[in-house]
Amino acid sequence: MADDSFYMKQALAEAARAAERGEVPVGAVVVCRDRILARAHNLTETLHDVTAHAEMQALTAAANSLGAKYLTDCTLYVTVEPCVMCAGAIAWSQVGRLVFGAEDEKRGYQRYAPQALHPKTVVVKGVLADECAGLMKDFFRKRR
C-alpha cells in the first residue's frame with residue numbers, strides 16, 4: 001500500500017505538466033483502494049475555462065471511471081489547497097479524504113469557506129508542502 005507522499009508525488013508530476021503548458025502548476029490525483037483513478041492538472045488557459053482547475057478535472061475523470069457521482073471511498077491528492085469552487089465540488093462528490101500540499105493563503109477555501117467540505121471528508125494538510133509551494137513560487141517568479 002502506497003502512502004500519501006507517493007500519491008502527492010504523482011500530483012506534483014501533474015503540476016509540472018501544467019507548468020510546461022504555461023498553466024498554473026496545480027496537479028491532482030484521485031485514488032481509490034490503492035488505485036489511481038484519475039490524474040489531472042490545471043487547464044484554464046488551454047481550455048479558456050476558469051473552472052478547469054486540476055481538482056475539477058480529476059473529480060470528473062474519477063466519477064467517469066467509477067460510473068458514479070460520489071467518491072466516498074476515494075482520496076483526492078492536490079498540490080495546493082483547493083479554492084472555494086473546488087471545495088464545493090469536493091463536497092458534492094463526497095470525497096472521503098482530501099490531502100493537499102501547500103496552503104493557499106490568498107484563495108484557499110480555509111480562509112473564505114472553512115465549512116465548505118462535506119462533514120465526513122477527512123483532511124490532511126501539508127504533505128510535501130515545501131515541494132508543492134516551491135513549484136508555485138518558481139512558476140510565478142519566472143512569469144514576473
Side-chain angles (χ1 to χ4, degrees), residues 1-113 116-118 121-144:
M1 185 169 130
D3 66 359
D4 288 341
S5 294
F6 173 82
Y7 292 119
M8 187 59 75
K9 287 177 185 172
Q10 303 299 306
L12 276 164
E14 285 298 318
R17 286 185 190 92
E20 290 168 7
R21 298 178 74 154
E23 300 277 358
V24 174
V26 177
V29 175
V30 177
V31 177
C32 190
R33 296 181 192 93
D34 295 321
R35 184 175 142 240
I36 295 176
L37 295 181
R39 300 170 184 268
H41 55 268
N42 274 2
L43 291 172
T44 59
E45 301 297 328
T46 303
L47 299 177
H48 308 288
D49 180 355
V50 296
T51 68
H53 290 193
E55 300 96 320
M56 302 296 276
Q57 303 299 310
L59 293 173
T60 299
N64 287 335
S65 175
L66 287 175
K69 63 182 179 179
Y70 297 123
L71 304 175
T72 54
D73 294 331
C74 299
T75 300
L76 170 64
Y77 293 88
V78 61
T79 56
V80 177
E81 175 187 346
C83 69
V84 174
M85 174 187 69
C86 291
I90 292 164
W92 283 111
S93 64
Q94 298 182 17
V95 168
R97 281 180 80 227
L98 167 64
V99 178
F100 66 85
E103 293 194 23
D104 184 347
E105 295 173 10
K106 291 183 182 178
R107 300 211 181 249
Y109 81 92
Q110 294 178 106
R111 177 177 180 172
Y112 296 105
L117 298 177
H118 190 278
T121 299
V122 174
V123 179
V124 178
K125 307 173 191 178
V127 175
L128 301 181
D130 291 341
E131 293 90 330
C132 295
L135 194 57
M136 292 288 280
K137 288 174 185 169
D138 289 346
F139 177 79
F140 285 110
R141 190 177 305 119
K142 290 175 186 172
R143 291 193 64 159
R144 292 188 176 118

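One finds the CD atom of Gln110 at 10.0 Å from the CD atom of Glu105 (value rounded to the nearest 0.5 Å). Here Asn64 contributes atom CG and Leu59 contributes atom CG; the two are 11.0 Å apart, rounded to the nearest 0.5 Å. Taking CD of Glu131 as the start and CG of Leu12 as the end, the distance is 6.5 Å to the nearest 0.5 Å. Rounded to the nearest 0.5 angstrom, Thr46 OG1 and Glu23 CD are separated by 3.5 Å. Residue Tyr112 holds its OH atom at 10.0 Å from NZ of Lys106, rounded to the nearest 0.5 Å. A distance of 11.5 Å separates SG of Cys132 from CD of Glu103, quoted to the nearest 0.5 Å.
Looking at every heavy atom in both residues, Arg111 comes nearest to Glu81 through N-OE2, 4.4 Å. The heavy-atom pair separating Val124 from Arg97 by the smallest distance is CG2-NH2, 3.4 Å. Nearest heavy-atom pair across Ala40 and Ala54 is CB-O, 3.5 Å. Taking both residues in full, the closest heavy atoms of Leu128 and Ser5 are given as CD1-O, 3.7 Å, listed atom of the first, atom of the second, then distance. The nearest pair of heavy atoms linking Val24 to Asn42 is O-ND2, 3.2 Å. Residues Ala58 and Ala38 approach most closely at O-CB, 3.5 Å, considering heavy atoms.
No side-chain heavy atom of Asp49 sits under 4.5 Å from any side-chain heavy atom of Leu43. Put simply, the side chain of Leu135 does not reach to within 4.5 Å of the side chain of Thr79, judged on heavy atoms.
Side chain of Thr72 to backbone of Gln94: no donor-acceptor contact under 3.5 angstrom is found.
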Query - Leu76 vs Leu71, side chain to side chain contact (heavy atoms under 4.5 Å, CB included): CA-CA, chis, key distance, verdict - result: CA-CA 9 Å; Leu76 170 64; Leu71 304 175; over 6 Å; no
Query raised in the report: After noting the C-alpha distance and the side-chain angles of His118 and Val95, does the key distance pass the side chain to side chain contact (heavy atoms under 4.5 Å, CB included) rule?
Result: CA-CA 8 Å; His118 190 278; Val95 168; over 6 Å; no
Query raised in the report: Which is it for Met56 and Met85 under the side chain to side chain contact (heavy atoms under 4.5 Å, CB included) test, yes or no, and what are the steps along the way?
Result: CA-CA 9 Å; Met56 302 296 276; Met85 174 187 69; 4.1 Å; yes
Report task. Could you give me the CA-CA distance, side-chain angles and deciding distance for Arg21 and Glu45, then say whether side chain to side chain contact (heavy atoms under 4.5 Å, CB included) is met? Result -> CA-CA 9 Å; Arg21 298 178 74 154; Glu45 301 297 328; over 6 Å; no
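Partners of Glu14 under the side chain to side chain donor-acceptor pair (under 3.5 Å) rule, at least two apart in sequence or in another chain, are Arg17, His41.
Between Val29 and the options Lys9, Met8, Gln10, a side-chain contact (heavy atoms from CB on, under 4.5 Å) holds for only Gln10.
Between Phe100 and Tyr109, the two ring planes are perpendicular [angle over 60°; tilted spans 30° to 60°].
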